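Right, one structure below, let's go through it.
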Amino acid sequence: MERVFNRTNLRGIYRMLTEMAKGNFAYQIKRTHHRDELEGLNAYVNQTAEELRRKRHQFLLLNRQTEIMMIRTATFLLNENLKVVDYSYKHPDNIEIAPSTIINNPFYELLIKKSQDRWTKKITEFLEGNEQSFNITLEYHFDELLKIDLHTVVSRLTGMRNEKYIVTSYLMDTTKDFFLELPENSEIKTYSRWDQKLFHEIHIYIMHHLEEPPKTLDQLAGLFNTNKYKIKTGFKEIFGCTPTQYYNKQRIRKCKILIENTDLSLTEISIKMGFSSYPHFSKSFTKATHLTPRFYKKITRNS
């Protein structure tokens, strides 16, 4: 029997968002035997937290020659009516934001006027199409810190009876007392502010195009007006792998989410995620997970 979205059933999500806001990405929501959209949401949030925990160093982009920068996020979970079901945002100075100004309000109302117009146009096109995500810049009125053009990614949570949407805005936060005791001979690499922005934008581009064939280094260099050597070395230093390797890992990760939490067949998933054929999908999945897609579906859906 499918559960309803209420405070009791969402307590795991609330706890997870609180832990993530504190920087604790090791917390996991306990899974149940249910196979409904709430369980799918729990699995999605667990995998997101695991990815942040495993690669949290990617969000600490240090430049000791000028300033220290950290990528903060403001994340909103929207229901099918585009109202805010939950959110995760913490002001750097711990200034309290009244939940009533955000929860159960149309997302549209959180934005300043010029962003409202931009949001309305983009979300209308998005809902009428088949895209899984889109990029947009937004400004919010409930916090002065968010009244700047923030790079934002909007994604569907598909395979559920009622679609949900995740809106994540990224802002660069500079501080004077963060990691003051970092030793000067530390092995942590440093990059200019512009290089940090470049690698972040490449990362967003990859996540936004997982259902398309990966771009070569030459193609990425052309898209971002830089050289392929900088992309190859800098991206690997921050993300631990080349852009192509990162694309492959993230595509398989999304395939796992679709297998676990949707009713799509394996063939439909392989088509949706841009594989040339099911054998290609099966070979790539098995290489990455050491399990065939069929066996992975069996052990995750029958547990």
Side-chain angles (χ1 to χ4, degrees), residues 16 20 25-26 28-29 31 35 37 39-59 130-135 153-160 163-164 166 168 199-217 219-220 231-232 235-303:
M16 172 67 86
M20 290 172 69
F25 303 119
Q28 292 279 286
I29 302 172
R31 299 293 302 276
R35 294 298 175 192
E37 58 182 308
E39 191 66 16
L41 181 59
N42 287 341
Y44 183 88
V45 174
N46 276 348
Q47 293 214 25
T48 300
E50 173 61 23
E51 184 70 12
L52 290 174
R53 183 194 68 79
R54 189 166 61 87
K55 295 184 176 180
R56 60 188 179 276
H57 66 283
Q58 296 167 13
F59 296 88
N130 297 316
E131 295 276 337
Q132 291 303 303
S133 62
F134 68 88
N135 296 332
V153 178
V154 183
S155 303
R156 298 180 194 267
L157 287 176
T158 57
M160 302 176 180
E163 279 196 339
K164 300 291 186 297
I166 291 182
T168 303
F199 301 138
H200 177 54
E201 288 179 347
I202 293 174
H203 162 251
I204 293 297
Y205 179 85
I206 292 172
M207 296 301 293
H208 186 57
H209 293 82
L210 290 178
E211 298 173 13
E212 302 172 8
K215 292 288 191 289
T216 65
L217 287 176
Q219 289 172 323
L220 287 174
I231 295 177
K232 181 178 181 180
F235 191 95
K236 187 172 183 179
E237 183 64 42
I238 294 176
F239 290 89
C241 57
T242 66
T244 299
Q245 291 170 335
Y246 188 78
Y247 164 88
N248 290 333
K249 289 180 181 179
Q250 293 303 317
R251 183 159 70 155
I252 293 300
R253 174 179 174 272
K254 188 166 183 179
C255 288
K256 291 169 70 176
I257 293 174
L258 292 173
I259 291 174
E260 291 178 25
N261 304 297
T262 73
D263 294 326
L264 296 174
S265 69
L266 294 177
T267 299
E268 288 173 329
I269 291 174
S270 70
I271 295 172
K272 177 180 177 62
M273 295 309 299
F275 289 93
S276 59
S277 64
Y278 179 79
H280 178 211
F281 164 59
S282 181
K283 182 179 179 180
S284 299
F285 189 94
T286 303
K287 182 179 179 180
T289 66
H290 305 290
L291 299 169
T292 65
R294 295 187 189 284
F295 187 67
Y296 185 80
K297 182 174 184 178
K298 179 179 179 181
I299 61 176
T300 56
R301 299 303 294 264
N302 296 330
S303 59

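What you see below is based on every heavy atom in this structure, not just the backbone, and it leaves out hydrogens, waters and symmetry mates. Numbers here are sequence positions counted from 1. What you see is a predicted model; the values in this text were computed from it and never measured.
Considering all non-hydrogen atoms of both residues, F281 and I269 come closest at CZ-CG2, 4.2 Å. Nearest heavy atom pair, residue I166 against residue T168, reads CG2-OG1, 3.6 Å. Between I252 and F275 the shortest heavy-atom distance is CD1-CZ, 4.3 Å. Listed here is the closest heavy atom pair of D263 and E268: O-OE1, 4.4 Å. In plain terms, the two heavy atoms of R251 and L210 that are nearest each other are CD-O, 3.2 Å. Between K215 and Q219, the closest heavy-atom pair is CA-OE1, 3.3 Å.
In the displayed structure, K236 atom NZ is contacted under 6.0 Å by at most 12 heavy atoms of other residues, nucleotides or ligands.
For the atom pair CG (L258) and NZ (K297), the distance works out to 11.0 Å, reported to the nearest 0.5 Å. The NZ atom of K272 lies 10.0 Å from the SG atom of C255; values are rounded to the nearest 0.5 Å. Here the straight-line distance linking atom OG1 of T300 with atom CD1 of I257 works out to 12.0 Å at 0.5 Å rounding. In this structure, CG on L220 lies 10.0 Å from OG1 on T242, to the nearest 0.5 angstrom. The distance from the CD atom of Q132 to the CE atom of M273 is 8.5 Å, given to the nearest 0.5 Å.
Scanning for side-chain contact (heavy atoms from CB on, under 4.5 Å) contacts around T267 gives S265, S270, I271, Y278, with sequence neighbours left out. For E131, the side-chain contact (heavy atoms from CB on, under 4.5 Å) criterion is met by F126, not counting sequence neighbours. Scored by the side-chain contact (heavy atoms from CB on, under 4.5 Å) test, S155 finds S133, V153 as partners (sequence neighbours excluded).
The shortest side-chain heavy-atom distance between S284 and N248 does not fall under the 4.5 Å cut-off.
Ring geometry, F235 versus Y246: the interplanar angle exceeds 60°, so the pair is classed perpendicular (tilted spans 30 to 60°).
In terms of modelled atom types and a separation under 3.5 Å, the side chain of R156 and the main chain of E163 share no donor-acceptor contact. Judged by distance alone, the side chain of H209 and the main-chain N or O of Y205 form a donor-acceptor pair under 3.5 Å.
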Can T292 and F285 be said to form a side chain to side chain contact (heavy atoms under 4.5 Å, CB included), step by step? CA-CA 7 Å; T292 65; F285 189 94; over 6 Å; no
For K256 and Y296: C-alpha separation, side-chain torsions, deciding distance, then whether side chain to side chain contact (heavy atoms under 4.5 Å, CB included) applies. CA-CA 8 Å; K256 291 169 70 176; Y296 185 80; 3.2 Å; yes
